[in-house]
Amino acid sequence: MNKKEFKAIFKKRLAEKYAMEVEDATATELYQTLGSIITDSYSPDWYQTWQDYRKQKQKQVYYFSIEFLPGQMLKSNLLNMGWLDIVEDALADMNIDLADLAAVEPDMALGNGGLGRLASCFMDSIASRGLPGNGNGIRYQYGLFKQKFVDGYQVELPDEWLNQGNLWEVRKESKAVNVHFGGHVWMKKMLDGNLKPVYEGGSKVRAVPYDTGMVGYQNQTVNTMRLWSVEIPEEEEDRYRSVEERRAVEDLTSVLYPDDSNEEGRNLRLRQEYFFVSAGLQSILRHYLQLHEPIDKINQYVAIHINDTHPAMCVAEFMRLLVDEQNVPWEKAWDLTIKVMSYTNHTIMAEALEKWSVGMMKAVCPRIYQIIEEIDRRFVVETSWVHGEELVSRTRIIQNDQVHMAHLAIIGSHSTNGVAKLHSDLLKSVVLHDFYILYPDRFNNKTNGIAQRRWSQIANPNMSRVLDKTIGTSWRQNSNDLRLLLNYQDDDTALDALAVAKRENKIEFANYIKETTGITVSPDAIFDVQIKRLHAYKRQLLNLMHILNMYFDLKNDPTLEIPARVFIFGAKAAPSYHYAKAIIKVINEVAKLINNDPAINDKIKIVFLENYKVSLAEKIIPAADVSEQISLASKEASGTSNMKLMLNGAVTIATLDGANVEIRNFVGDDNIAIFGLTEEEVYRYYQDNSYNAGDIYNQNEKIHRVVNAFVDGTIPNILFEGQEIYDSLIKYNDEYFVLRDFDSYLAAQKTIEVAYLDTRRWRQVSLQNIANAGSFSADDTVQKYADDIWQIEPLFSHNDERGTTHGQYLL
Ligand code: 26Q
C-alpha cells in the first residue's frame with residue numbers, strides 16, 4: 001500500500017463512518033477511523049494464521065497471565081504491519097499529526113508493572129517470531145487505578161479505559177463457556193466402577209472471550225490474546241434477579257487487584273483466578289477435541305504456561321477436565337498435566353508467595369480443592385520413601401490449613417524458571433531449594449527481555465534515525481545488530497549525533513514536564529530516572545536520601561561545583577501499602593522544598609510525575625541520562641526498566657541484583673556504576689543476624705543528618721510520614737539495608753558526576769549501553785522458552801505459503 005492509496009482509503013473510511021471530511025473530524029474520530037482500517041487490514045491474516053495452525057495441527061502455547069499490560073497499540077500495530085512511516089507521512093499530508101491520534105488511545109493497563117508488561121512484550125515477540133502462541137487472561141472493566149497527587153498524597157481514581165470502546169477487541173459470543181463456583185461435590189460410583197463427581201448447589205457464570213490480534217513484526221502472523229469477561233448465563237437469568245445479585249457476578253471481572261503482596265488473599269481474587277483458568281482450559285480442550293486426536297496425545301499439541309502462581313490452579317483444573325470429563329485415568333492424566341504445564345516464578349519475597357486458606361478454596365471451587373488434596377496425598381506417599389518425611393513436610397502443597405500455590409505449580413509442571421541468572425540461582429539455592437533437591441532437572445533460567453522495537457523505534461524515533469545512519473537498518477529487525485555500534489565508539493560523528501538525539505528528547509520531555517507540573521528543568525542537567533512500582537525493597541528511599549545529602553552539601557557550600565541534576569520519579573503505591581504511600585508524600589514534600597529554594601540555584605530539581613504507566617514510560621525513557629536500579633541485592637527478580645533505559649542510552653547506577661548483574665557483564669565495569677552489598681553479603685547478615693542500623697546512624701555523620709531530616713522539621717508537612725520512615729530505619733532496624741548501602745551509593749553517584757563532566761567519555765559510555773542492549777530482546781527470550789520449555793515451532797514455511805500483505809483486502 002502506498003501513500004496515495006492510504007489517503008484515499010482513509011478519506012473514504014472517514015466519510016463512511018462519520019460522514020465527515022478530514023478538517024471537521026476530532027482526534028478521536030480520526031483515531032477510530034485509522035484503527036478500523038488497521039483491524040480490517042490485519043483481520044484476514046489473523047484468520048489465516050489461525051487456519052494454518054489448525055490445518056497443520058501446530059503445537060501451540062497458551063500463556064496464562066492474570067495481567068497483561070500492552071499500553072497503547074496504535075503505533076505498535078502500525079510498526080508491525082510495516083505501515084508506520086507511510087501512514088505518518090500520509091496523515092501529515094492531510095495536516096494530521098499521528099502523535100495526536102495516538103495520544104487519544106487510553107493505555108490498556110490490565111497489569112501492575114513488570115510481570116504484566118513482560119507478558120505483553122512476550123505476546124509481541126511470540127507473534128514476531130511467527131510462533132504459535134496465545135495469551136489467556138481477564139478483561140477487567142477497570143485497569144490499574146489512576147494516580148493523582150493531592151497535597152502530596154497519592155489518591156486513587158478508577159481507570160475507566162473502556163469508556164470510549166476498545167477498537168482492538170472482538171467479542172466472541174460463540175466461544176463462551178460456563179464456569180462453576182461453590183456448592184458441594186461428592187463422588188458417585190458409576191456402573192463401570194468409575195467415580196463421577198456430582199455437583200450440588202453452587203452457581204454457574206458465563207465466561208465470554210474478547211480476542212485481540214497480536215500482530216507480528218512484518219511477518220503476516222497475527223496471534224490472539226484472549227481475555228475473559230463474566231456474564232450471567234441466559235438459563236440462569238431468573239436466578240439473579242436483584243441488582244445486588246447481578247452486581248456480585250459482574251464484580252468478578254470488574255477490577256484488577258493492585259499488587260499488594262502483603263495483603264491476605266481475598267475471596268474475589270481467588271474467584272478471578274479460577275474463572276480465567278477454567279474458562280481458558282475449557283476453550284483449549286474444546287479446540288483440541290475438534291482436531292480429532294486422542295486425548296493422551298494432548299501434550300504434543302498444547303503447552304500451557306503459568307505466569308507466576310496466579311494461574312497455578314491450571315494444574316488442578318486440567319486434571320479435572322481430563323479425569324472427570326474425558327475419563328482419563330488419574331495416572332495418565334497426571335503424566336499429561338506435567339508434560340503440558342510450565343511455570344515462571346517472579347519473586348523471592350517470602351510474603352509474596354501466594355497461599356490460600358483451605359476453607360476459602362473449598363468454598364470457591366470444591367472440586368478443585370478435592371483434586372489438590374489428592375495430588376498432595378499422592379505426592380506425600382510417593383516422595384516420602386525416597387526423600388524422607390521432613391523434606392516432604394516442607395514441600396507438600398497443603399500445610400497448616402493453607403494451599404501453597406508455588407508448590408502446586410512446581411509439582412504439577414515439568415519446568416520452573418526464574419527471570420534472571422541471579423534470581424534463578426537463588427531459587428535453586430535458597431527459596432525453592434527443597435524442590436531443587438526433588439526435581440533438579442525442572443529448574444532453569446530465562447532472563448527477561450523487552451519488546452525492543454517498542455522501546456526504541458516507537459518510543460525514540462530520534463535515536464532510531466541516528467542508528468539507521470550509523471549502522472544501517474538491520475537492527476530494526478534483529479536487535480543484536482545494535483552491537484555494530486561498537487565500531488563507532490571513537491567516531492565523533494556518531495557520538496555527536498547520538499548526543500544530539502538525546503538532547504532533542506530531553507528538550508521535548510522538559511516541555512512535557514513544564515506543561516504537566518509547571519516545573520522548569522534545564523536540558524543541560526543530568527536527567528536521573530527511577531521508574532517502577534513503589535516498594536520498600538526497590539529503595540526509592542535511598543535515592544531520596546542521596547538527594548537530601550546533596551541538598552545539605554549545597555546549603556553548606558552554595559559555591560559547590562556539581563553538575564545540575566533533575567531527579568525524575570514515576571511510581572504507584574498499592575492503595576493499602578501505608579509505608580509506600582508515606583515515601584510518596586515525603587518525596588513530594590522534599591520536591592516542593594528543594595525546587596523552591598533559591599539558594600539551590602536550580603542545581604537540583606525533583607519531578608515526581610503522576611500516574612506512571614506504559615505511555616508515560618515511552619516519554620521518560622528516551623530522555624533519561626541515568627537509570628536508577630538500586631534494589632537491595634537479591635530482592636529484585638529481574639527488573640525490565642533497567643533494560644529499556646539501557647537501550648535508550650542511559651547509564652545505569654545499580655546494585656548487583658536481578659538482571660543488573662547481566663547488564664554489567666555485557667557493558668563491563670567501566671560503563672556502569674555498581675555499588676552496595678552483594679547478595680552473598682546480604683544473606684550473611686541474615687545468617688549471623690549482625691546488622692545494626694542504629695550503630696551506622698550513630699557513627700556516620702552524613703547519615704545522621706539525613707535521617708534526622710525526616711523528624712526534625714527540615715521537611716515541612718510530613719509529621720507522621722517522616723516518623724514512619726525514621727522508625728523503619730532506626731526502630732525496626734532498616735529491613736532493606738538502606739543505611740548500610742548509603743556511603744557506597746554516594747560514591748557511585750560521585751563517579752556518575754565525574755563521568756558526566758567528561759562529555760566525550762559520557763557519550764561513549766552511553767553508546768556502549770545502547771550497543772549491548774540488544775542482548776535483552778524478548779524475541780530471543782521467547783525463542784528460548786519455545787525451544788527449551790514449550791517445544792513449539794514457527795508455522796511450517798508459512799510465509800511462502802500465504803505471502804499475503806496487509807492492505808490487499810482493502811483495495
Ligand atoms: C498479590 C496479592 C494480591 C493481589 C495481587 C498481587 C500481586 C500482583 C502483581 C503480586 C505481584 C504482582 C507482580 C509482580 C511483579 O511484577 N514482579 C516483577 O516481575 C518482573 C518480570 O519478571 C520482574 O522483572 C520484577 O523484578 C518483578 O518484581
Side-chain angles (χ1 to χ4, degrees), residues 152 528 530 534 536-562 565 567 569 578-580 582-597 599-600 603-604 606 628 630-633 653 655 673 675-677 681-682 684-686 688-753:
D528 180 313
Q530 189 172 19
L534 217 139
Y537 82 81
K538 296 180 190 278
R539 301 201 294 191
Q540 280 92 353
L541 177 57
L542 181 58
N543 188 345
L544 178 66
M545 286 175 60
H546 164 246
I547 299 172
L548 283 169
N549 188 68
M550 263 178 92
Y551 177 62
F552 295 140
D553 284 351
L554 274 169
K555 288 293 255 191
N556 279 346
D557 178 6
T559 67
L560 204 63
E561 281 294 333
I562 51 163
R565 259 211 242 203
F567 293 94
F569 291 91
H578 203 261
Y579 181 75
I583 303 267
I584 290 180
K585 167 71 173 168
V586 174
I587 295 176
N588 278 326
E589 291 301 331
V590 172
K592 228 187 271 171
L593 174 72
I594 297 181
N595 292 347
N596 297 309
D597 187 337
I600 294 312
K603 280 256 155 70
I604 308 174
I606 305 172
E628 299 274 350
I630 60 179
S631 53
L632 174 64
I653 179 163
T655 51
F675 74 96
L677 293 171
E681 289 165 336
V682 170
R684 218 171 297 140
Y685 271 120
Y686 291 152
D688 58 26
N689 215 353
S690 63
Y691 183 55
N692 190 329
D695 285 352
I696 300 180
Y697 171 69
N698 289 323
Q699 284 154 25
N700 184 318
E701 231 174 89
K702 285 184 178 218
I703 288 179
H704 204 91
R705 183 181 53 168
V706 169
V707 171
N708 281 356
F710 294 120
V711 287
D712 67 8
T714 306
I715 309 163
N717 304 323
I718 56 148
L719 202 57
F720 300 108
E721 293 81 16
Q723 188 67 46
E724 193 172 345
I725 291 169
Y726 180 93
D727 288 347
S728 77
L729 295 172
I730 307 304
K731 194 162 155 199
Y732 300 109
N733 201 30
D734 185 16
E735 187 178 354
Y736 296 103
F737 298 86
V738 173
L739 303 191
R740 178 67 181 76
D741 277 352
F742 184 78
D743 275 349
S744 161
Y745 183 53
L746 249 49
Q749 290 287 14
K750 263 281 160 282
T751 66
I752 291 278
E753 274 177 15

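Values in this document were obtained by computation on a predicted structure and should not be read as measured data.
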Check against side-chain hydrogen bond (donor to acceptor under 3.5 Å, both in side chains), Glu681 and Tyr685: CA-CA 6 Å; Glu681 289 165 336; Tyr685 271 120; over 6 Å; no
Working for side chain to side chain contact (heavy atoms under 4.5 Å, CB included), residues Ile725 and Val711: CA-CA 9 Å; Ile725 291 169; Val711 287; over 6 Å; no
Stepwise, does the side chain to side chain contact (heavy atoms under 4.5 Å, CB included) test hold for Ile600 with Lys555? CA-CA 7 Å; Ile600 294 312; Lys555 288 293 255 191; 4.2 Å; yes
So Tyr579 and Asp727, side chain to side chain contact (heavy atoms under 4.5 Å, CB included) or not? Walk me through it. CA-CA 11 Å; Tyr579 181 75; Asp727 288 347; over 6 Å; no
Between Phe552 and Thr714, does the side chain to side chain contact (heavy atoms under 4.5 Å, CB included) criterion hold? Intermediate values first, please. CA-CA 11 Å; Phe552 295 140; Thr714 306; 3.9 Å; yes
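Formation of a donor-acceptor pair under 3.5 Å by the Arg539 side chain with backbone atoms of Phe737 is found in this model. One N or O on the side chain of Asn595 and one on the backbone of Ala591 form a donor-acceptor pair closer than 3.5 Å. Not a single donor-acceptor pair under 3.5 Å links the side chain of Thr655 to the backbone N or O of Ala633. At distances below 3.5 Å, not a single donor-acceptor pair connects side-chain atoms of Asp741 with backbone N or O atoms of Gly676.
Shown here is Glu701, whose CD atom has no more than 12 heavy atoms of other residues, nucleotides or ligands within 6.0 Å. Atom NE2 of His578 is surrounded by 12 or fewer heavy atoms from other residues, nucleotides or ligands within 6.0 Å.
Interatomic distance, Asn700 CG to Asp743 CG, rounded to the nearest 0.5 Å: 4.5 Å. With values rounded to the nearest 0.5 angstrom, Phe742 atom CZ is found 10.0 Å from Leu541 atom CG. If you take CG on Leu746 and OG1 on Thr751, they are separated by 11.0 Å, rounding to the nearest 0.5 Å. The distance from atom CZ of Arg740 to atom CG of Leu632, rounded to the nearest 0.5 Å, is 11.0 Å. With values rounded to the nearest 0.5 angstrom, Leu544 atom CG is found 6.5 Å from Ile715 atom CD1. Between atom CD1 of residue Ile562 and atom CD of residue Glu753 there is a gap of 5.5 Å, rounded to the nearest 0.5 Å.
Tyr691 and Asn733 share no side-chain donor-acceptor pair at under 3.5 Å. Counting only N and O atoms by type, the side chains of Asp734 and Tyr697 include no donor and acceptor under 3.5 Å apart.
Ile584 has its side chain out of reach of Gln540: every pair of non-hydrogen atoms, C-beta onward, lies at least 4.5 Å apart. Leu542 is not listed as a side-chain neighbour of Glu628, based on a closest heavy-atom distance of 4.5 Å or more. Side-chain atoms of Glu721 and Ile583, non-hydrogen and from C-beta on, never get closer than 4.5 Å to each other. Side chains of Val738 and Tyr745 form no contact here, defined as non-hydrogen atoms less than 4.5 Å apart. Considering only heavy atoms from C-beta on, Arg565 stays 4.5 Å or farther from Ile604 through its side chain. Inter-residue side-chain proximity for Tyr551 and Asp597 is flagged as met; some heavy-atom pair is nearer than 4.5 Å. The shortest distance between side-chain heavy atoms of Met545 and Leu739 falls below 4.5 Å. Residues Ile718 and Val590 have side chains not in contact (no heavy-atom distance under 4.5 Å, counting atoms from C-beta outward).
Taking every heavy atom of both residues into account, Asn717 and Lys585 meet most closely at O-CE, 3.2 Å.
Ring pair Phe567/His546 is perpendicular by interplanar angle, where above 60° counts as perpendicular and below 30° as parallel.
Between Tyr726 and Phe710, the ring centre distance reaches or exceeds 6.0 Å.
We find that Lys592 and Glu589 are joined by a salt bridge, their nearest charged nitrogen and carboxylate oxygen being less than 4.0 Å apart. Using a 4.0 Å cut-off between charged side-chain N and carboxylate O, Arg705 and Asp712 make no salt bridge.
The residue from Ile587, Asn543, Asp528 that alone fulfils the side chain to side chain contact (heavy atoms under 4.5 Å, CB included) condition with Ile606 is Ile587.
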